[in-house]
Amino acid sequence: MEQAGAAREPFRFSTRLSLSELTGLRAATVGELLALVREVPGSCIYHHTHRFLQQHQYLSPEPPNDFSYWVTEVLGDKDLGERLASIDVMQFATIRALRDGIAATIERYIAENPLVKMKLAPGNSEFHFVKSVSFIIPTGLVARDLGEFAEALGRATIESIYYHVFEARLRLERGDNDFSNWIEDSVGDAALARSISRLDPYTYTMEDLRRTIIRLVERRTEVPRAGAR
Amino acid sequence: MPALDDYAPIVGTAVLDDLRLLADRLRGRVVQFVNSTAVGGGVAEILNRMVPLLRDLGVDARWDVIKGGDRFFNVTKKIHNALHGKVEEFGEEDVEAFMETSRRNIAELETYGDVVFIHDPQPIALVEKKAHDRWIWRCHVDVSAPDRRVWEFLEGFITRYDAAVFSAPSFSQRLPIRQFLVAPSIDPLSDKNRDLPQETVDAILARLGVPTDKPLITQISRFDRLKDPVGVIEAYRRVKKYIDCRLLLAGGTAADDPEGIEVFAEVKARAAEDPDIIILLMPHDDLAVNAIQRASTIILQKSLKEGFGLTVSEALWKGKPVVASHVGGIPLQIKHKYSGLLCHSVDGAAFLIKQLLNSPSYAKRLGENGREQVRNNFLLTRHLKDYLLLFLSLFHRGDMVYL
């Protein structure tokens, strides 16, 4: 008999490990930050808007991105810091669009508050642009139906979940996270796929995100299992 | 010496599984580390741990050491100081002394690695031997404001490498080769960082003559002006007006370092007759440092200049709230108000210490966040992962690499 939620194609978990590459580019003022945000590689924008998700995901409240943290803590501009912190990354489907959104936010703020351009970061506190180099590796973890999927999700590393949720949608421009795409296309459960797509993963810690997705999947399969590791 | 699996209870098996996945991709390649000394100094300490763990992962890692006499090492000491921004006389004679030893090492040292990983300026000229293999230059020094003349001398070698590696973004330079960020790390299983039973901590503090009946504020550093021990005493005095506490300044100084002895005397004089200032001139003793950090209420690192400042990670790993200066690699380890507190002055340090002593639950939260920050970013296993990725990056181009 066919398993509940059986898939036409199995889901193969990959993981993503990243290395930080230095660019030598630095900004000491908001004006310099704006100019560089417009021209640095997309991998820099990705690095500075996603680094905290993996490096500081246990913190509460979390600083959401490096631009906001630097503007608030180094330049002391809480207003612009808040505007940068509240940029809704889920609204952007590509790094290009996200870059434009960040640049527009800074540009608008400078137009409203021209004196902000006078603020200078003290020595050794400039904003240094770094980019992420991602290495994608298959983990060998495979799910053929939703039951196996929930079980595998409990065992996958945080980096693996990160890759399929964040990197796949925005950096690889797959339109949605890999889990929703697979559930809709291969399992054929559009409602479950949508309920995962509707989550704003930027507001969860990675462990909470794992638990939430497992719960949503289990509700469909009604196979109770112990909590995630 | 601990094996890789011994780190599983600390970082989780998934992290070790990822390391194995990466190491598998390096099978069949030889990674040759080269530095200037097999013992003593931070680089040798790291390589002594790193090379066996890479082998444990199945990577064919080997380690060679260049040779040099006093004349050569006097010049490389000058280079080191100049990279830190100190003004040094660096003339033709120095260049000649450096090149003479380098030529001998080029002739005598066999470079056989698929990846040749050169550490610091001493062996930098070996790149003359570069053929079809991949070469990396690892800079362990703070080069955020180097003496330009010395930097330009080294740049002639650096640009012939495939990649350079720095410890902090502020150390990066405009270079025509790829530059990577690899922060240093602490070993959670070493004597300096491993868990200690409370009775061991108590016994060590008793032996050192440090009472624990009052909140203990500690800075562990060499007696060096750049660590600002006098500023630490001033900050403590501002706190002491409102809160009864004790200050411990512990560290070493080399017998042949006249400035260190001078600073120590200055610190003693500044402490004067205050019985709550304890100044310990300690020989190298990792277990004692570990115990002191664990017994402290707050740990300070009020340096005026710092390379990376790994003592901060050591303190955070023990779950301690840390107040440290916004210099060198310290801001990488502490995100202000999230995993510790950053200061810019004596007054700032004093204010933050008072805040922590009066808000123990805030202090506790910072300490807990700090420990997780170190677990995720500054343990030896993360360092291993970065090195494995670094080696792989030499064989794959682009920002997205499918292995």
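Letters A, B, ... are given to chains in the order of the sequence lines, protein chains preceding strands, and every chain is numbered from 1.
- For an aromatic pair to be called close, the ring centres must be under 6.0 Å apart, and Phe129(A) with His48(A) satisfies this.
- Using a 4.5 Å cut-off between heavy atoms, Arg16(A) does not touch chain B at all.
- In this structure, the portions of Val327(B) lying under 4.5 Å from any heavy atom of chain A include both its backbone and its side chain.
- Aromatic pair Trp137(B)/Phe157(B): centroids not less than 6.0 angstrom apart.
- For Ser14(A), no part lies near chain B; criterion is any non-hydrogen pair under 4.5 Å.
- With a 4.5 Å cut-off on non-hydrogen atoms, Ser160(A) does not touch chain B at all.
- At a 4.5 Å heavy-atom cutoff, Glu126(A) makes no contact with chain B through either its backbone or its side chain.
- For chain A, the option among Leu392(B), Asp18(B), Leu175(B) with the highest count of heavy-atom pairs below 4.5 Å is Asp18(B).
- Using a 4.5 Å cut-off between heavy atoms, Glu73(A) contacts chain B through its side chain alone, with no backbone atom that close.
- Of all the listed residues (Lys385(B), Gln179(B), Lys337(B)), the one sharing the greatest number of non-hydrogen pairs under 4.5 Å with chain A is Gln179(B).
- With values rounded to the nearest 0.5 angstrom, Ile334(B) atom CD1 is found 9.0 Å from Cys343(B) atom SG.
- Counting heavy-atom pairs under 4.5 Å between each of Pro41(A), Pro122(A), Ser18(A) and chain B puts Ser18(A) at the top.
- When atom types are taken as modelled, the side chain of Arg382(B) and the backbone of Pro184(B) share a donor-acceptor pair closer than 3.5 angstrom.
- Summarising the geometry, atom CD belonging to Gln333(B) is positioned 10.0 Å from atom CG belonging to Asn377(B); distances are rounded to the nearest 0.5 Å.
- For the atom pair OG1 of Thr49(A) and CZ of Phe166(A), the computed distance is 10.5 Å after rounding to the nearest 0.5 Å.
- Each of Leu22(A), Thr23(A), Val133(A) has some count of heavy-atom pairs under 4.5 Å with chain B, and the biggest count is that of Leu22(A).
- Heavy atoms of Thr15(A) lying under 4.5 Å from chain B belong exclusively to its side chain.
- Ile183(A) has its side chain out of reach of Ser180(A): every pair of non-hydrogen atoms, C-beta onward, lies at least 4.5 Å apart.
- Annotation: maximal heavy-atom pairing with chain A below 4.5 Å, among His396(B), Arg25(B), His336(B), Arg174(B), occurs at His336(B).
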**Q.** salt bridge (charged side-chain N to carboxylate O under 4.0 Å, His left out) evaluation trace for Asp228(B) with Lys302(B)
**A.** CA-CA 6 Å; Asp228(B) 199 18; Lys302(B) 217 206 104 11; 2.9 Å; yes

